[in-house]
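One structure is given here, and the rest of the page talks about it.
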Number of protein chains: 2
Amino acid sequence: MAQALKAPFIAEAMDLSRLLNPRGIAVVGASADPTRIGGQPIHNLLSFGYKGGIFPVNPNRLEIQGLPCFPEIKAIPGPCDVAVIAVASTQVPRVLDDCARIGIPFAVVLSAGFREIGTAGTAVQAELDSVIEKKIIRVMGPNCVGFINLEANIRCGFGQGMRNPDLKIGPIAMVTQSGGFGMGVIASAARAGIGFNYVAATGNEADIDTLDFLSFFLERPEVKILAAYIEGVQDGRRLLDIGARALAVGKPILVWKAGNTRHGRIAAETHTANLTGSYELYKAVFQQSGFIEVQDVDDLIDIARTFQCKSNHAGRNIGVITGSGGAGVVVADACDEVGLELPSFSTETVSKIKTWLPNFASLTNPLDVTAQLVNDFSLLNKSIKAILDDPKFDQLIVRCGTLEGEPAEEWVQDLHSTTSQSEKPVHLVWGGSPERSSAALSKLDEYGIPWYLTPRRSVKGAAALSDFSQRRSLSQKLAKGKTVRSIPKAHLDLPTDRKRLGEHASKRCLQQYGITGTREFVLAPDKLELLKELPFSFPVAVKIESPDLPHKTDAGVVHLNIQNMMELKSVATQMLSKIQLHHSNPHIDGILIQEMVSGVETIAGATVDPHFGPIVVFGLGGIFTEILNDVTYRFAPFGIDTAHEMIDETKAKLILRGYRGKPASDVEALATALSRLSYLIADHSGLIAEIDINPLFVRPVGQGVVAADGLIVLHDCNRLIKPT
Amino acid sequence: MAQALKAPFIAEAMDLSRLLNPRGIAVVGASADPTRIGGQPIHNLLSFGYKGGIFPVNPNRLEIQGLPCFPEIKAIPGPCDVAVIAVASTQVPRVLDDCARIGIPFAVVLSAGFREIGTAGTAVQAELDSVIEKKIIRVMGPNCVGFINLEANIRCGFGQGMRNPDLKIGPIAMVTQSGGFGMGVIASAARAGIGFNYVAATGNEADIDTLDFLSFFLERPEVKILAAYIEGVQDGRRLLDIGARALAVGKPILVWKAGNTRHGRIAAETHTANLTGSYELYKAVFQQSGFIEVQDVDDLIDIARTFQCKSNHAGRNIGVITGSGGAGVVVADACDEVGLELPSFSTETVSKIKTWLPNFASLTNPLDVTAQLVNDFSLLNKSIKAILDDPKFDQLIVRCGTLEGEPAEEWVQDLHSTTSQSEKPVHLVWGGSPERSSAALSKLDEYGIPWYLTPRRSVKGAAALSDFSQRRSLSQKLAKGKTVRSIPKAHLDLPTDRKRLGEHASKRCLQQYGITGTREFVLAPDKLELLKELPFSFPVAVKIESPDLPHKTDAGVVHLNIQNMMELKSVATQMLSKIQLHHSNPHIDGILIQEMVSGVETIAGATVDPHFGPIVVFGLGGIFTEILNDVTYRFAPFGIDTAHEMIDETKAKLILRGYRGKPASDVEALATALSRLSYLIADHSGLIAEIDINPLFVRPVGQGVVAADGLIVLHDCNRLIKPT
């Protein structure tokens, strides 16, 4: 772990050009039967018109599906960039070695029978791993259905999805961790007119994984939109990195992440044996980067269409035009729910549209042009034009009634002329039958005008566009903040013989990163009787300083609101005698005496996640954390702007701005502390496993924050030496 | 209001038989042009084959669209049950009077130009209202597109939706408040194969409204499922009553309620001029009765299909079978999110299915029968049968891969034989192209096997079924509880000259309904100096008792935690002198001295909503109410079981069961108090407008609840005499 975290922000994209566009493909375990797993790839490559060499390998045949067959891999004439392997699992490692030996750079292993079948597959999995470790030949799969390069007519794999006749070329590259289901989703999307250039089903991901494909696709000019069905990834940091890159290059990644709930996780573990990590952290990645989360097939189709519009830069102000008031109401509801705004029309727009709308029409947004006018193209399109020209609006949603057939085609043509001067996205809710308007809908696709079958779905599309734009701007702003550390790196004197630091020791580490704790001191137990006065006033808190009592309240070694010296000594003496009875015989560093502080109670924590690396969590304290789970996550380190984002995402925002006549809190100091905490964990993630500041009191503006308790937990020694 | 609430639970269904199945239909303002508003109804009735009499009325013609035309309504030969009116708005009242005079019981007014056009329509609206008030002729509309009775081939109205050729007969009756949009939704549903028996677009609802149609449809044997697009109803109580009736007769009402958000409400006000009331209260109605809320076109289609399955009684335990692990993961996630359970298979089921599944298949729920087996009907169907036979399961969700064409049809036939012995619903996720499997899908519809195009949508269907079943059982249980009042009706001595009661006076009313307040007494200001001792111990709270200071804390007349008699007198004296300076010169009843109490802080309130009548609201106090808005509503009066439901719906449940080592609270006493509060408001809703108990402290088990503050607000005198 310590090693892996040294360079968490560099994701080197594996060059998959030769895999996805090979000069030749060998099929090892080739079958003459085009329905068998070893016969399908050859049949698919032939029938879809692959132009490179196809080399069946099978010692028992001289010819397969009309092609010369080779007895072993080294007999093929080449050039060959991919070996498709469809032999029994036990033979796979040897075949891979043979392929590597003759310089084939990539293998696609269709064979199953490895890790996914449990203990029965352990031995052969280990053999496979040792071939992969050499990194001479890179492996897709095993237990995968293969990949498709539509442009090059390469259908390199097996199964119904591979020979799907509906697939058409388009700007989308899709990766799926589920072969069967993923290809089914792609089939649905293809039927809806969505075009793909690449499709890859990654199987067990023993070597090349989803993230390798996404990294590669992001840099390909022919790919404009990426899509992924994932159940889990091993390297969450790289996922974040890819998401950031997606924003930088302006290509959204539509991600369908499954296996997120109790039932779903159990199912996913059975299915892909991926440890999926916390869904909260995936969501944090998605919401902070270029991933757009989708949760169903039609979601994926709609949003894929959305991003094929002319510009994927768009703000949140939406103009709505319908031919029926009801549709306007539904769209308005849906906009409100996702935080899209419906400003009123500018005076200029109103004076324009009133010239062609009837007197009684209310000139408000959503604009109801009434059923009659929908049939008069010119008036509807004039209204669309007027609102496109109104600088108050960033996007339009239009419901055009139930046009079908030729009139639909004509209107679409007209709409195209109307909108072609504007870069603003126009989203269409299509009320007619898609079957009876297929020509019109194809034209819309061609013109980059996204269409949807229901009002709510159009709003999802508009929201996805503005979310993506907003995150792009935000990431540029935050990137600037990132260049300046909120606190310099400090050396921490961490013990090597303990798993935890006591409260006082933990707070000293926090202080080294500029996070102030309560004023306090540790008194040796034998000095208690001699204590005469304190460096701060009563009331005070008295605790036991010990690395062995992380849950001090439960252990009964926390007393708050001590009013005077007599009470202090009596309480401390009682605690010390109580601790003698503690079963774990804890190490005692002394009596911790500290000032009482107050403010808005928050919690701040940091941990090193096995998949996502160092993260910071923040939320309101007490009931808000424990009952409401109202917390937010960020990946460390981060700047003060990001910390402000965190605060704004929780209910803390409402409390901190001053509540029921209480003063506003020092949010600036809180944000600074959160950023510093993120540097603390990031700088020392090799040693520190976990930091808890609970409570972190936020005082009124100008008075800063105070850590009233703190706990630092170190990594297990075992874990430190474990290679990652 | 007082009048209306006397019998809030009786909804007499207007008999609409003659409207929807008329012996003859007159069309006043008939046109020879079949595209005009006065020509369309005649054309539609003729072309769809209406068997009754059609009587065009137009003084300028002898014949219209091949039918004899009459100069005035009284000239028609009859029998005639419906007059369709398509004349200018100003003529409508007179025409209605004429129709009434010859005994036509119903009119469908297509004409626009009334309330919906604002002040220009006020005068003619008033004339219309005075005709309607006589209740001799009942009016649908004005400004409506009409109605359809599919079975009787009656297309009585105008617009594209009325002549929709895709409509087919089925068990659904739909009412819509939006003509254009509603007919568009119906068109989409019809294209998806959903069949209707009635469709009604209610327009302005000057007389016959959505609730009249729903009440009527609920009792029709040919209607099995109801659907409604609504933006608002006037009588929320009747809505609740209809929802309760829906549960009693076992017919779900799929309701699409729009105009719920800030933007949506503005749009709805522009659109239908309906005051829509609080969405929270609509949701409370829906969740407590037979309404199933849908929020989009595909939602409506899916759930309509769901309820056409063999039985709408189904529990929450779901067995899932897929041909791909990924689909299982997605279904499992979605089940978790809506609270459906995925139990493991019984030992018996496991031993059955392992005989035909390969060794490596994990015999867990979701069951992945793997891609190969999906093509072997018998094995898949055997697995379905085995899980249907397992008593642990209430419903099945099956994803059948991407079957299409003839194989799909064959499999559906097989599936039907497999499932026909069981009453348990089987939901199918259809992975193939619906166009290329239309025969198979029609068969599924015929066999009552609901199908869906995506995994999540199937889960919504299963959840809707079990929600409906669960509410049916619950309503039967709660109905029993309703027969016993939790407190007898009491007379309250409410003032006639004040708008509010002071705290002490309010608490005395609460006490009469068995809701205990703090121990306290009111002291005349001139008796303050004489006060020697209290009937309870210090610390105490001191307030001013006044009907004119409902916000005592803001007015500075609340002091808590007074420690002794000296402090008490000093504080009270200060308050009294401060109150002299108060600008409103409040009436002072005395000094209120009360014990300090503690417990879990909740709030309970009651109010009389103009649309929904007396309601009770409950939530945790303080921050939970003000920041989180974590409150729940019920319609008064209700029993103790319902009160428990309320408590369980809020975060209060978690706090009250004992939190961070705190004792469990007296939930039983809390539930009793909420039920009693509901009787208090219901018994006196004619006089009391609002009751606030804030805070209501819930003490540990056995110690009851205490109202620490209370306020009763009475109706305005104006409001009391206003007829409703």
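Letters A, B, ... are given to chains in the order of the sequence lines, protein chains preceding strands, and every chain is numbered from 1.
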Considering only heavy atoms and a distance below 4.5 Å, find which of G121(B), G161(B), G432(B), A187(B) pairs most often with chain A.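 Highest number of heavy-atom pairs under 4.5 Å: G432(B).
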Do you know which two heavy atoms are closest between V329(A) and G264(B), and how far apart they sit?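 For V329(A) and G264(B), the tightest heavy-atom pair comes out as CG1-O, 3.7 Å.
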Closest contact, heavy atoms only, S324(A) versus G180(B):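 Looks like OG-C, 3.6 Å.
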Would you call [X] and [Y] a salt bridge, taking side-chain N to carboxylate O under 4.0 Å as the test?
{"X": "R262(B)", "Y": "E337(A)", "result": "no"}
{"X": "D299(A)", "Y": "R456(B)", "result": "no"}
{"X": "R436(B)", "Y": "D166(A)", "result": "yes"}

In Å and rounded to the nearest 0.5 Å, what is the CG to CG distance from L453(A) to D298(B)?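 Output value for this atom pair is 8.0 Å.
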Quick one: CD on Q295(B) to CG on D333(A), what's the gap to the nearest 0.5 Å?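 Reported to 0.5 Å precision, the distance equals 8.0 Å.
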Greatest number of heavy atom pairs closer than 4.5 Å to chain B - which of [options]:
{"options": "V185(A), T176(A), N260(A)", "result": "N260(A)"}
{"options": "L340(A), V297(A), L342(A)", "result": "L342(A)"}
{"options": "H263(A), E341(A), R457(A)", "result": "H263(A)"}

Are the side chains of F181(B) and T322(A) in touch, meaning some heavy atoms are under 4.5 Å apart?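 No - every pair of side-chain heavy atoms lies 4.5 Å or more apart.
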Side-chain contact test, heavy atoms from C-beta onward, threshold under 4.5 Å: evaluate it for P434(B) versus R191(A) and give yes or no.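 SC-SC contact between P434(B) and R191(A) confirmed.
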Hey, does the side chain of D336(B) reach the backbone of T261(A) with a donor-acceptor pair shorter than 3.5 angstrom?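 No; judged by distance alone, with no hydrogens or angles, the pair does not exist.
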Could you look at S188(A) and say if it's the side chain, the backbone, both or neither that has a heavy atom under 4.5 Å from chain B?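 Just its side chain gets close to chain B.
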Does any heavy atom of chain B fall under 4.5 Å from the side chain of E435(A), the backbone, both, or neither of them?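 Interface part for E435(A): side chain.
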